Novice: 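This is the structure, below, for whatever I ask next.
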Number of protein chains: 2
Amino acid sequence: MSAKATDTDTEQLIKDTAKKVFFSEGRFNATTQEIADAAGVNRTLINYYFRSRNNLFDIVFQDAQVQEHDMMEKIIFSNLSFKEKLSQHLDVFFEQTKKYPYLEIYMVTQMNQGNCYKDKEHMNMLLDKFYLEVAVEMEKGNIERMRPEQFVLNFVSLMSFPVSMRPLLQETMGFTKEGYDKLLEERKDVIMNTLFIK
Amino acid sequence: MSAKATDTDTEQLIKDTAKKVFFSEGRFNATTQEIADAAGVNRTLINYYFRSRNNLFDIVFQDAQVQEHDMMEKIIFSNLSFKEKLSQHLDVFFEQTKKYPYLEIYMVTQMNQGNCYKDKEHMNMLLDKFYLEVAVEMEKGNIERMRPEQFVLNFVSLMSFPVSMRPLLQETMGFTKEGYDKLLEERKDVIMNTLFIK
DNA sequence: TTTGCATTTGACAATTATGTCAAACATTAA
DNA sequence: TTAATGTTTGACATAATTGTCAAATGCAAA
């Protein structure tokens, strides 16, 4: 029992560390040695638990995707109002991406190198449901009229870009870490105001 | 003369090919061999002309940055109206990023690995000038009131994200290549409508 | 034609990263 | 205590990639 607990601990530790190295620090090319060092374990343990570096990568990546996906689903199928759904999604998203700012960027670089795990069918179902809600809001005059897909693009753009591209934007716009943090905090209100007609 | 022209040709060919491999195809880890193959030249020529792989990378990257920067400057210092400046910037940007969709993402991953070539002072000057213009537009009631920095974030987010993250978005949202192209074409109007009060 | 120079090439050396393996170690159950 | 099982380790083999170098090639001027 405690033996099994120990090995699961090490396994989990390696996973967590890899996730941090890859998606918090953005070091996509980190070697197994670097990951092992960061986790404080012997390098070969990575092979022992995960067979290969690639496999570890895949597992960590897939985990992250599933987690993100579940979060989306929970909110979309909640019985919150449309506006509250967006608001809540913003909260959860900002929290997640502050921890792992490089996750989305990594997904992009992987996507057309052939690696893709998205459950497309399920995702389409979620999207279709959401498109309908968007259309209703347009009818009500709460949001600007446009193709629902464009509204979704607007939403994810305004939400994701400043976090995903933070290193670039913070530097180019000449912000300190604190200054940019502040900017992000104000961001939620700005987004809601931009998307909804007053 | 023609000897010099020939070597410059090869040098330029390698540069162009590297740029394409890195920033059009997103293969950031491409080996020197792969780049050489893509250019149809001997691998060691990369060392001959550029000393090292890293150096080639840096040169290509820096070139791209300067180019982007110049483009921005030209528009900001033009005597177009505010709205026309944004409109023109959208045109030029979409054209560029269709060619090199991975450029921005690469910049992000490099930025906090210590590589940064941006001319910060100059960039700040451009931004400050732009912030002033934004403030004026708010006074006029043409755009929503907010911190000018937030308006800039809105603008670049709406513009860049759908292009930068294309591989991810196209896949997740279930678009074909053509469908997504169409979406992007409609995008300019959507952005202008989202940013400006009617 | 020959000399000189830039360019191109293939062979080699050095480095780095990955994965395998057998041995050492620890822990639990008999 | 001992056997059995799972975990950890260091040493080694393999593979991939980069960079150097001397020789070969081609071209242009003397």
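Numbered from 1 within each chain, the chains take letters A, B, ... in sequence-line order. Because the structure is predicted, anything quoted here is derived from the model rather than measured.
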Novice: So, OP1 or OP2 of D:dG6: does either fall under 4.0 Å of a side-chain N or O from A:Tyr48?
Specialist: no

Novice: For A:Tyr49 and D:dT9, give me the distance from atom OH to atom C1', rounded to whole Å.
Specialist: 13 Å

Novice: Which whole-number value in Å describes the distance from B:Glu11 CD to C:dT8 P?
Specialist: 10 Å

Novice: Should A:Phe155 and A:Met192 be regarded as members of a common hydrophobic cluster, given that ILVMFWY residues are connected when their side-chain heavy atoms come within less than 4.5 Å of each other, either directly or indirectly?
Specialist: yes

Novice: For B:Leu45 and D:dG26, what is the distance between atoms CG and P respectively, to the nearest whole Å?
Specialist: 14 Å

Novice: What integer distance in Å separates B:Phe50:CZ from C:dT8:P?
Specialist: 12 Å

Novice: Whole-Å distance between C:dA17 P and B:Asn29 CG?
Specialist: 13 Å

Novice: Considering only NZ, NE, NH1 and NH2 on the basic side and carboxylate oxygens on the acidic side, decide whether B:Asp181 and B:Arg166 come within less than 4.0 Å.
Specialist: yes

Novice: Rounded to whole angstrom units, what separation is found between the CG atom of B:Asn55 and the C1' atom of D:dT18?
Specialist: 14 Å

Novice: Between the protein and nucleotides 18-20 of chain C, list every N/O to N/O distance that falls short of 3.5 Å.
Specialist:
| unit_1 | atom_1 | unit_2 | atom_2 | d |
| --- | --- | --- | --- | --- |
| C:dT18 | OP1 | A:Arg53 | NE | 2.9 |
| C:dT18 | OP2 | A:Thr32 | N | 3.0 |
| C:dT18 | OP2 | A:Thr32 | OG1 | 2.5 |
| C:dG19 | OP2 | A:Asn47 | ND2 | 3.4 |
| C:dG19 | OP2 | A:Arg53 | N | 3.1 |
| C:dG19 | N7 | A:Arg43 | NH1 | 3.1 |
| C:dG19 | O6 | A:Arg43 | NH2 | 2.7 |

Novice: B:Ile46 has an atom CD1; how far is it from atom P of D:dT17, in whole Å?
Specialist: 13 Å

Novice: To the nearest angstrom, how far is B:Asn42 atom CG from D:dC21 atom P?
Specialist: 17 Å

Novice: Show me the donor-acceptor pairs, under 3.5 Å and distance only, between side chains in residues 78-85 of chain B and residues at least two apart or in other chains.
Specialist:
| unit_1 | atom_1 | unit_2 | atom_2 | d |
| --- | --- | --- | --- | --- |
| B:Ser78 | OG | B:Ile75 | O | 2.7 |
| B:Ser78 | OG | B:Leu80 | N | 3.4 |
| B:Ser81 | OG | B:Glu84 | N | 3.2 |
| B:Ser81 | OG | B:Glu84 | OE1 | 3.3 |
| B:Glu84 | OE1 | B:Ser81 | N | 3.1 |
| B:Lys85 | NZ | B:Ile76 | O | 2.9 |
| B:Lys85 | NZ | B:Glu133 | OE1 | 3.2 |
| B:Lys85 | NZ | B:Glu133 | OE2 | 3.0 |

Novice: Salt bridge or not for B:Arg145 and B:Glu139, using N-O below 4.0 Å?
Specialist: yes

Novice: Would the number of heavy atoms belonging to other residues, nucleotides or ligands and lying under 6.0 Å from NZ of B:Lys20 be above 12?
Specialist: no

Novice: Can you tell me how far apart OG (B:Ser164) and CZ (A:Phe161) are? Round to the nearest 0.5 Å.
Specialist: 5.5 Å

